[in-house]
Number of protein chains: 2
Amino acid sequence: MPATRATTLKDVAAAAGVSIKTVSNVVNDHPHVRPEMRERVRAFIEQLDYRPNGMGRQLRQGRSGLIALAVPHVTSPYYGELTSALVDAARERGLTLLVEQTDADPDRERQAAEGFGVRMVDGLVFVPLNIPTGVLAERRDRTPAVLIGENGEGADADRVTVDSVAVGDVATTHLLERGRRRIAFLGDKDAERSPVLAQRLAGYRRALQRAGIEVDPQLLRPTPEWERGHGHDAVVELLTARPDVDAIFAANDLLAFGALHALRRLGRRVPEDVAVVGVDDVEESRFCAPTLSTVTLDRTSIAEQALALLAERLDGLDAPPRTLVAEHRLVVRESTGG
Amino acid sequence: MPATRATTLKDVAAAAGVSIKTVSNVVNDHPHVRPEMRERVRAFIEQLDYRPNGMGRQLRQGRSGLIALAVPHVTSPYYGELTSALVDAARERGLTLLVEQTDADPDRERQAAEGFGVRMVDGLVFVPLNIPTGVLAERRDRTPAVLIGENGEGADADRVTVDSVAVGDVATTHLLERGRRRIAFLGDKDAERSPVLAQRLAGYRRALQRAGIEVDPQLLRPTPEWERGHGHDAVVELLTARPDVDAIFAANDLLAFGALHALRRLGRRVPEDVAVVGVDDVEESRFCAPTLSTVTLDRTSIAEQALALLAERLDGLDAPPRTLVAEHRLVVRESTGG
DNA sequence: TTTGGTTCTTCCAACGTTGCAAGGAAGCAT
DNA sequence: ATGCTTCCTTGCAACGTTGGAAGAACCAAA
């Protein structure tokens with residue numbers, strides 16, 4: 001690996017005995033280059049393995065083609081699948097995604113929103129989780145941003161979201177239709193911080209109310225985060241407090257997986273004793289035991305819509321913030337009786 | 001979102017009534033700036049929300065701080081966890097990771113290896129899966145690269161790998177110690193293309209041979225890829241061909257999850273009838289039903305070692321390719337009887 | 001007042017690229 | 001030969017930044 005400088009336009013020009021600009025014209029397929037000259041230059045480009053220096057090009061053109069993605073963590077299946085869809089959607093638009101993880105830490109989410117100190121990306125796709133209220137509203141960075149999800153209120157930015165009240169309603173209603181009456185809600189926490197939670201919970205309440213069932217506070221089980229282990233622990237406590245519970249609506253699939261795990265360890269049959277519904281429809285839900293009923297959110301479409309919104313801003317669109325609502329759909333599997 | 005140009009050094013300089021370079025000196029904490037001048041300039045920087053333009057800076061300095069990661073897909077838990085660890089490790093070194101997915105497509109892997117046409121990143125972290133033999137050996141791009149895993153032979157690049165023969169051996173030996181004798185291998189395919197597979201299979205053969213057991217070709221079950229569904233399908237076929245199978249060594253956890261799913265649907269008890277071992281120890285293996293015995297690969301350490309190797313190259317290290325071997329360890333859970 | 005030495009600030013050039021405008025060569029009709 | 005196109009090629013400038021050197025201002029000592 002010799003420390004040779006990378007080939008530049010200048011090198012190719014010198015080798016071919018033409019001007020830098022001619023080489024540039026060949027590289028960029030500009031008209032008015034004699035075919036033989038084009039061939040000649042191409043040969044040298046090939047021979048010297050010239051590839052344009054992105055930084056020079058970007059500096060000149062004022063855009064980098066880079067989009068920052070700030071996401072809580074890629075590890076979690078839902079965000080992983082979303083990231084994957086965004087990478088592909090960006091690629092299709094000739095953009096490259098650069099990934100930052102916030103670990104759902106408010107400070108790091110703030111940093112992400114404010115642009116990381118150095119201006120390098122053309123846009124931001126942001127999945128906020130715990131960003132303090134107001135931070136987004138006061139965002140000074142003029143880089144276009146798109147938010148994904150319901151969190152991060154008051155932002156002056158485009159957004160792709162899901163009707164989470166309806167999601168909570170449809171999941172709860174499904175359990176009610178299966179004859180369940182003591183339905184726990186898994187994933188409760190500080191609702192002020194988390195609009196997405198508040199909405200799923202509101203849907204749960206709405207469905208119960210419509211069925212004429214009182215909301216039992218003991219059935220609202222908090223979890224510190226929405227990961228498998230938290231679902232497990234919350235269900236262990238739940239079964240102690242309310243052993244008669246006959247259904248669980250988990251705020252996301254991971255909590256549901258933890259719930260299934262706990263139920264199995266405690267000898268409850270699913271769905272006979274306790275039915276379980278999640279939200280997200282991550283791939284695992286089609287393979288876990290029992291397979292999980294859940295509300296599917298179309299990640300591909302969310303990703304594509306988010307990038308479509310962003311691309312318009314990159315092209316200079318100056319319009320008030322827009323919000324797109326992605327589809328959701330109940331998927332019934334074994335955990336609620338197929 | 002007014003289409004105002006972003007603030008540059010020139011703007012700050014004009015506002016503060018000093019030269020561009022003085023502002024630059026303040027931004028970069030250079031000595032020889034009078035404290036009061038420093039303060040004055042800082043105030044304008046703050047007021048105008050100046051942030052350095054990464055592209056200009058990078059062009060000048062000749063490095064971008066960007067590292068490309070080329071990975072089959074972020075969705076799969078193992079790669080997702082690896083990506084996550086790499087993002088964090090890069091961040092700690094002041095680098096930013098830019099993610100490309102190859103979908104395990106040979107052409108896209110080749111593109112990744114050859115640098116995507118535009119020179120923009122300082123380095124490459126590459127997880128090859130199906131790259132044609134020889135492509136890496138002929139790589140002309142002088143951007144430093146680190147490979148992760150056993151695939152991609154002949155590359156003139158640093159590598160972080162795992163002793164996959166030992167991995168296959170330890171998993172198979174564990175099943176033998178549990179008294180199993182008809183042990184299937186799940187994930188077979190064109191071994192020439194996939195050294196990692198070849199090695200895990202070699203470990204399987206070695207363990208059987210040591211136990212004096214003949215390798216039964218019917219127990220070597222191919223799968224098109226290493227995803228849950230393929231594991232499921234392969235096990236369905238396996239049970240038809242060899243209903244007497246008493247253990248399955250799956251080349252990775254995803255195949256194992258699919259296997260568990262199929263076994264459950266076909267009424268086989270795990271581990272009583274069939275014991276199952278995977279490889280990777282993704283989080284799901286601690287929560288699936290039954291929980292999965294597997295061989296854990298330390299992703300955090302793999303990621304950190306990979307970036308350490310790369311960072312040395314970025315600093316100009318000129319040395320022959322190096323290979324680091326990361327640790328592995330058997331984790332016993334319910335699927336082999338706890 | 002001049003000199004010498006600090007300390008602070010500015011100027012110049014360069015990183016690699018591309019848009020623009022001008023330069024040059026060749027072909028054609030006069 | 002001259003003028004006029006047309007086609008191809010080149011030179012210049014600029015994107016925003018920073019290293020290095022030159023310049024200016026200031027102060028202390030002669």
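All values derive from a computational prediction rather than experimental measurement. Residue numbers begin at 1 in each chain, while the letters A, B, ... track the order of the sequences.
Put simply, CG on B:L9 is 14 Å from C1' on C:dT10, counting in whole angstrom units. Between the CG atom of A:D11 and the P atom of C:dG16 there is a distance of 8 Å, rounded to whole Å. B:M55 has its CE atom 10 Å from the P atom of D:dT17, to the nearest Å. When rounded to the nearest whole Å, the span between CG of B:N25 and C1' of D:dA21 equals 13 Å.
In this structure, B:T22 reaches the bases: a heavy-atom distance under 4.0 Å links it to at least one base atom across the strands shown. Across all strands shown, B:N28 has heavy atoms under 4.0 Å from sugar-phosphate atoms exclusively, and none from any base. Heavy atoms of A:M37 sit under 4.0 angstrom from primed sugar atoms or phosphate atoms, though from no base atom.
OP1 or OP2 of C:dG16 has not a single side-chain nitrogen or oxygen of A:T8 nearer than 4.0 Å. Under 4.0 angstrom from either OP1 or OP2 of C:dT9 there lies at least one side-chain N or O belonging to B:R34.
In this structure, A:E312 places its CD atom where more than 12 heavy-atom neighbours from other residues, nucleotides or ligands lie under 6.0 Å away.
Checking C:dT18, D:dG20, D:dC15 against the side-chain heavy atoms of B:K21 singles out D:dG20 as nearest. Across D:dT17, D:dC8, C:dC15, the shortest atom-to-atom separation from the side chain of B:Y50 is found for D:dT17. Proximity note for B:Q61 (side chain, C-beta onward) versus D:dT18, C:dC15, C:dT10: the nearest is D:dT18. Between D:dA13, D:dT17, D:dT10, one nucleotide has an atom nearer to the side chain of B:N53 than all others, and that is D:dT17. Comparing D:dT17, D:dC8, C:dG19 against the side chain of A:P35 picks out D:dC8 as the nearest. Taking only side-chain atoms of A:R57, from C-beta outward, the nucleotide of C:dG19, C:dT17, C:dC8 with the closest atom is C:dT17. Side-chain proximity of B:I20 to the nucleotides C:dT18, D:dC8, D:dT18 is greatest for D:dT18. Across C:dG19, C:dT10, C:dA13, the shortest atom-to-atom separation from the side chain of B:S19 is found for C:dT10. Here the nucleotide nearest the side chain of B:H30, chosen from D:dG19, D:dT18, D:dT10, is D:dG19. Residue A:V33 places its side chain closer to D:dT9 than to any other of C:dT10, C:dG16, D:dT9.
Residues A:F126 and A:N151 form no side-chain contact, since every pair of their non-hydrogen atoms from C-beta on lies 4.5 Å or further apart.
Using modelled atom types and a 3.5 Å distance limit, the side chains of A:T161 and A:E150 yield a donor-acceptor pair. In summary, the side chains of A:T300 and A:E304 do not present any donor paired with an acceptor at a separation below 3.5 Å, with no hydrogens or angles considered.
Of the possible polar contacts, one joining the A:R299 side chain to the A:L297 backbone as a donor-acceptor pair under 3.5 Å is found.
Under 3.5 Å, the side chain of B:K10 and the base of D:dG16 form no donor-acceptor pair of N or O atoms.
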